[in-house]
Enquirer: 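Before we start, here is the structure in question, set down as structure tokens.
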Amino acid sequence: MYTELGLYIDGAWLNGTGRKGEDVVNPATEKPLGRLPHATKADLDQALEAAQKGFEVWRLTTAYDRAKVLRKAAELVRERHEQIARVMSQEQGKVYAEARIEVLTTADIIEWFAEEGRRSYGRIVPGRVKGVRQLVMHEPVGVVAAFTPWNFPTLTPARKIAAALAAGCSIILKASEETPGACVEMVRCFADAGLPAGVLNLVFGVPAEVSEHLLGADIVRKVSFTGSVPVGKHLTALAAKTMKRATMELGGHSPVVVFGDADPEKVADTIAAFKFRNAGQVCISPTRFYVQEQSYKKFVDRFTDYVKAIKLGDGLEKGTTMGPLANARRLDAMESFVTDAKNRGGKIATGGKRAANQGYFFEPTVITDVPDDSKIMTEEPFGPLAPIVPFKTFDEVVARANSLPFGLAAYAFTSSGATATAIGDALQSGMVGVNSVAISTPETPFGGIKESGYGSEGGIEGLEAYMNTKFISQG
Ligand code: NAD
């Protein structure tokens, strides 16, 4: 029912024979699902060589023909989405309905970049001197090394793979060792779509060893990473040694500002549903709730009612609305956030503890009356915790919302057009949802500012991230 795991290098699948590896564990049962082989140093060198060779082939393939392969891969992901979603739910924990949406969105992303790759236009700038043609061209950056985490096992890799391939780059992806199966299945779709050998390579291993090896290679010209801020800084430093381009999609701590003129109950329903998606293990998950004081009680009551109705369970079981956390590290982290909040006077409106003896289940939790300098209000929780606090004025809440070093996503709700415009402008964040949570689509830029990183994935910006600009002055 799970899938066959392997490395994909130079167009061939490699298994565990003669390689070290690790067990992939189902977070709902803590039982092993399969054995994942780790790439040896020789495997990584082979991947680098293959990617260099693949780049030479792929960059000379026309954008028109590249699009055909990408479109076919998207079609295969769509055809196989139920199987891929089942694998994802088993290894990651998210409920099947969410896994299914993720896989279908993965296909949308690949398809969108297939199209956008054909629209990567240059321009002609009139020369100052007669007879001079000045051309601005876009060229693929070269071999890409990409690193993706465990929370979105196909969507995050697809953002990197599809953009890189659409731009004409080749790529070596190290996906998460904790959730490799769905990504393996997605890579199979690219292989079956006729992608030439070496253009896409998939490896696994000890993350720090793999990244050091790949980023130490001169031929890698770009790194794209999604994950935590400390690892992002480390990889940026490694990339700087050989001046590789970098896209860093790192953690955040997204404020939600609910003004007194918004309907508190309607907003509570919308934002609570969004908050507990993937058990809160989402980089743009709303994580700090500021509610204007006249609406505070109504909002907290309705939000808490919603949370109490969440049904925890195995993601593949019917009726489950929230699965386990993806790994034991998140469980420990949740306990530490809750303990700190309680020690600082925070009140637990619901939840607050582990939910079962087996599986990494943690109750969806609402915390109130917690001070702004507590751990939950200053560090990214990356889990099912919702701290809700009141505020008085616009200026006060803007200062509190902007007070952290992160700037990935932010949300605000108001019925006033003037307030909507003002808060959209005031929040320091790469993405802002005003009366909306729809801030992540294939065609719009996705990325953070401040310590949440730099560069965008998605949108035309996501394609440009894999292209160099070249100026040609032709006399
Ligand atoms: P972590 O920092 O150990 O790992 C995050 C990801 O980076 C993992 O996929 C890991 O395999 C990879 N990684 C770690 N060290 C690496 C290295 N030297 N080179 C290459 N890749 C490396 O943290 P974690 O325990 O997996 O998750 C904890 C925190 O990470 C969360 O609290 C959250 O802040 C952040 N996170 C963010 C995202 C996101 O979507 N931005 C996703 C997952 C985790």
Side-chain angles (χ1 to χ4, degrees), residues 22 24-25 27 36 38-39 44 91-94 102 145-160 172-180 182-183 203-216 220 223-239 244 246-254 277-285 287 325-337 360 362 375-376 378-385 404-409 430-431 439-440 446-458:
E22 66 186 284
V24 178
V25 171
L36 178 72
H38 282 186
L44 295 178
E91 65 187 6
Q92 202 275 343
K94 66 178 67 179
E102 176 177 341
F147 304 88
T148 54
W150 40 263
N151 55 337
F152 287 95
T154 62
L155 187 145
T156 307
R159 279 186 186 283
K160 301 181 196 306
I172 304 172
L173 170 71
K174 190 205 76 61
S176 167
E177 288 71 24
E178 291 173 308
T179 57
C183 189
V203 299
F204 298 100
V206 176
E209 291 174 9
V210 177
S211 57
E212 198 148 322
H213 196 89
L214 295 182
L215 297 190
V220 172
V223 54
S224 179
F225 172 72
T226 299
S228 61
V229 175
V231 175
K233 288 180 180 174
H234 169 65
L235 296 186
T236 305
L238 286 181
K244 300 184 200 313
T247 296
M248 292 287 144
E249 204 275 273
L250 311 178
H253 202 335
S254 314
R277 199 169 59 107
N278 201 6
Q281 302 164 116
V282 181
C283 54
I284 57 165
S285 180
T287 42
L325 299 180
N327 52 56
R329 298 189 301 286
R330 297 311 324 134
L331 266 187
D332 295 342
M334 294 311 108
E335 276 168 353
S336 137
F337 280 114
Y360 309 133
F362 197 88
K375 189 169 150 114
I376 182 72
T378 52
E379 288 176 30
E380 181 178 36
F382 225 70
L385 310 182
L404 298 187
F406 310 108
L408 186 60
M431 294 164 284
I439 60 166
S440 170
F446 184 98
I449 58 169
K450 295 160 84 177
E451 293 200 12
S452 293
Y454 43 69
S456 294
E457 303 201 284

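Whatever order the structure lists them in is the order used to number ligands and atoms, beginning at 1. We number each residue from 1, following the sequence as shown.
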Enquirer: Nearest non-hydrogen atom to atom 37 (C) of ligand 1 belongs to which of Ala145, Gly232, Gly205, Gly227?
Expert: Gly227
Enquirer: Tell me the protein heavy atom at minimum distance from atom 30 (O) of ligand 1, and give that distance in Å.
Expert: Ser228 CB, 3.2 Å
Enquirer: Report, in ascending order of atom number, the atoms of ligand 1 lying under 4.0 Å from any heavy atom of Val231.
Expert: 2 (O), 13 (N), 14 (C), 15 (N), 16 (C), 17 (C), 22 (C)
Enquirer: Do the non-hydrogen side-chain atoms of Gln92 and Pro27 ever get within less than 4.5 Å of each other?
Expert: no
Enquirer: I'd like to know if Arg330 contacts ligand 1, where contact means a heavy-atom distance under 4.0 Å to any ligand atom.
Expert: yes
Enquirer: Please check: side-chain N/O of Ser285 versus main-chain N/O of Gln281, any donor-acceptor pairing under 3.5 Å?
Expert: no
Enquirer: Between Leu385 and Ile376, is any pair of side-chain heavy atoms under 4.5 Å apart?
Expert: yes
Enquirer: Out of all atoms in ligand 1, which are within 4.0 Å of some heavy atom of Ala208? Include the element for each.
Expert: 17 (C), 18 (N)
Enquirer: Anything under 3.5 Å between a donor and an acceptor, one on a side chain of residues 325-333, the other on a protein residue two or more places apart or in another chain? List them.
Expert:
{"from": "Asn327", "atom 1": "OD1", "to": "Arg329", "atom 2": "N", "distance (Å)": "3.2"}
{"from": "Asn327", "atom 1": "OD1", "to": "Arg330", "atom 2": "N", "distance (Å)": "3.1"}
{"from": "Arg329", "atom 1": "NH1", "to": "Glu178", "atom 2": "OE2", "distance (Å)": "2.9"}
{"from": "Arg329", "atom 1": "NH2", "to": "Glu178", "atom 2": "OE1", "distance (Å)": "3.0"}
{"from": "Arg329", "atom 1": "NH2", "to": "Glu178", "atom 2": "OE2", "distance (Å)": "3.3"}
{"from": "Arg330", "atom 1": "NE", "to": "Phe382", "atom 2": "O", "distance (Å)": "3.1"}
{"from": "Arg330", "atom 1": "NH2", "to": "Pro381", "atom 2": "O", "distance (Å)": "2.9"}

Enquirer: Is there at least one protein heavy-atom neighbour under 4.0 Å from atom 3 (O) of ligand 1?
Expert: no
Enquirer: Which protein non-hydrogen atom lies closest to atom 25 (O) of ligand 1, naming both residue and atom, and how far is it?
Expert: Arg329 NE, 2.7 Å
Enquirer: Report yes if some N/O of Glu380 lies less than 3.5 Å from some N/O of ligand 1; otherwise report no.
Expert: yes
Enquirer: Just list the side-chain donor-acceptor pairs under 3.5 Å for residues 448-455, sequence neighbours left out, or say none.
Expert:
{"from": "Lys450", "atom 1": "NZ", "to": "Asn402", "atom 2": "O", "distance (Å)": "3.3"}
{"from": "Lys450", "atom 1": "NZ", "to": "Leu404", "atom 2": "O", "distance (Å)": "2.9"}
{"from": "Lys450", "atom 1": "NZ", "to": "Gln428", "atom 2": "OE1", "distance (Å)": "2.9"}
{"from": "Glu451", "atom 1": "OE1", "to": "Lys233", "atom 2": "NZ", "distance (Å)": "3.0"}
{"from": "Ser452", "atom 1": "OG", "to": "Gly251", "atom 2": "O", "distance (Å)": "2.7"}
{"from": "Ser452", "atom 1": "OG", "to": "Gly407", "atom 2": "N", "distance (Å)": "2.9"}
{"from": "Ser452", "atom 1": "OG", "to": "Leu408", "atom 2": "N", "distance (Å)": "3.4"}

Enquirer: For ligand 1, is there an atom lying under 4.0 Å from some heavy atom of Phe225?
Expert: yes
Enquirer: Got the closest protein heavy atom to atom 27 (O) of ligand 1, with its distance?
Expert: Trp150 CZ2, 3.7 Å
Enquirer: Check whether any heavy atom of Thr148 sits under 4.0 Å from an atom of ligand 1.
Expert: yes
Enquirer: Kindly confirm or rule out a cation-pi arrangement of Lys160 over Phe147, judged by NZ or CZ under 6.0 Å from the six-membered ring centre and within 45° of its axis?
Expert: no
Enquirer: Out of all atoms in ligand 1, which are within 4.0 Å of some heavy atom of Ser211? Include the element for each.
Expert: 17 (C), 18 (N), 19 (N), 20 (C)
Enquirer: Which ligand 1 atoms, with their elements, are less than 4.0 angstrom from a heavy-atom of Thr226?
Expert: 39 (C), 40 (O), 41 (N)
Enquirer: Taking distance alone, with no angle check, do Glu178 and ligand 1 share an N/O pair under 3.5 Å?
Expert: no
Enquirer: Using a 3.5 Å distance criterion without hydrogens, assess whether the side chain of Glu457 forms a donor-acceptor pair with backbone atoms of Gly447.
Expert: no
Enquirer: Would you say Asn327 has any N or O atom under 3.5 Å from an N or O of ligand 1, going by distance alone?
Expert: no
Enquirer: Tell me if a side-chain donor or acceptor on Asn278 pairs with a main-chain N or O of Asn151 at a distance below 3.5 Å.
Expert: yes
Enquirer: Would you say that Glu249 contacts Arg159 through its side chain, given a criterion of any heavy-atom pair below 4.5 Å between the two side chains?
Expert: no
Enquirer: Output yes when a side-chain donor or acceptor of Thr287 lies under 3.5 Å from a complementary backbone atom of Ser254, and no otherwise.
Expert: yes
Enquirer: Which atoms of ligand 1 sit under 4.0 Å from any heavy atom of Leu250?
Expert: 41 (N)
Enquirer: Which heavy atom of the protein is the closest neighbour of atom 11 (O) of ligand 1, given with residue, atom name and distance?
Expert: Pro207 CG, 3.6 Å
Enquirer: Below 4.0 angstrom from a heavy atom of Glu249, which ligand 1 atoms are there? Numbered from 1 as shown, please.
Expert: 41 (N)
Enquirer: At what distance is the nearest protein heavy atom to atom 38 (C) of ligand 1, and which residue and atom is it?
Expert: Phe382 CZ, 3.5 Å
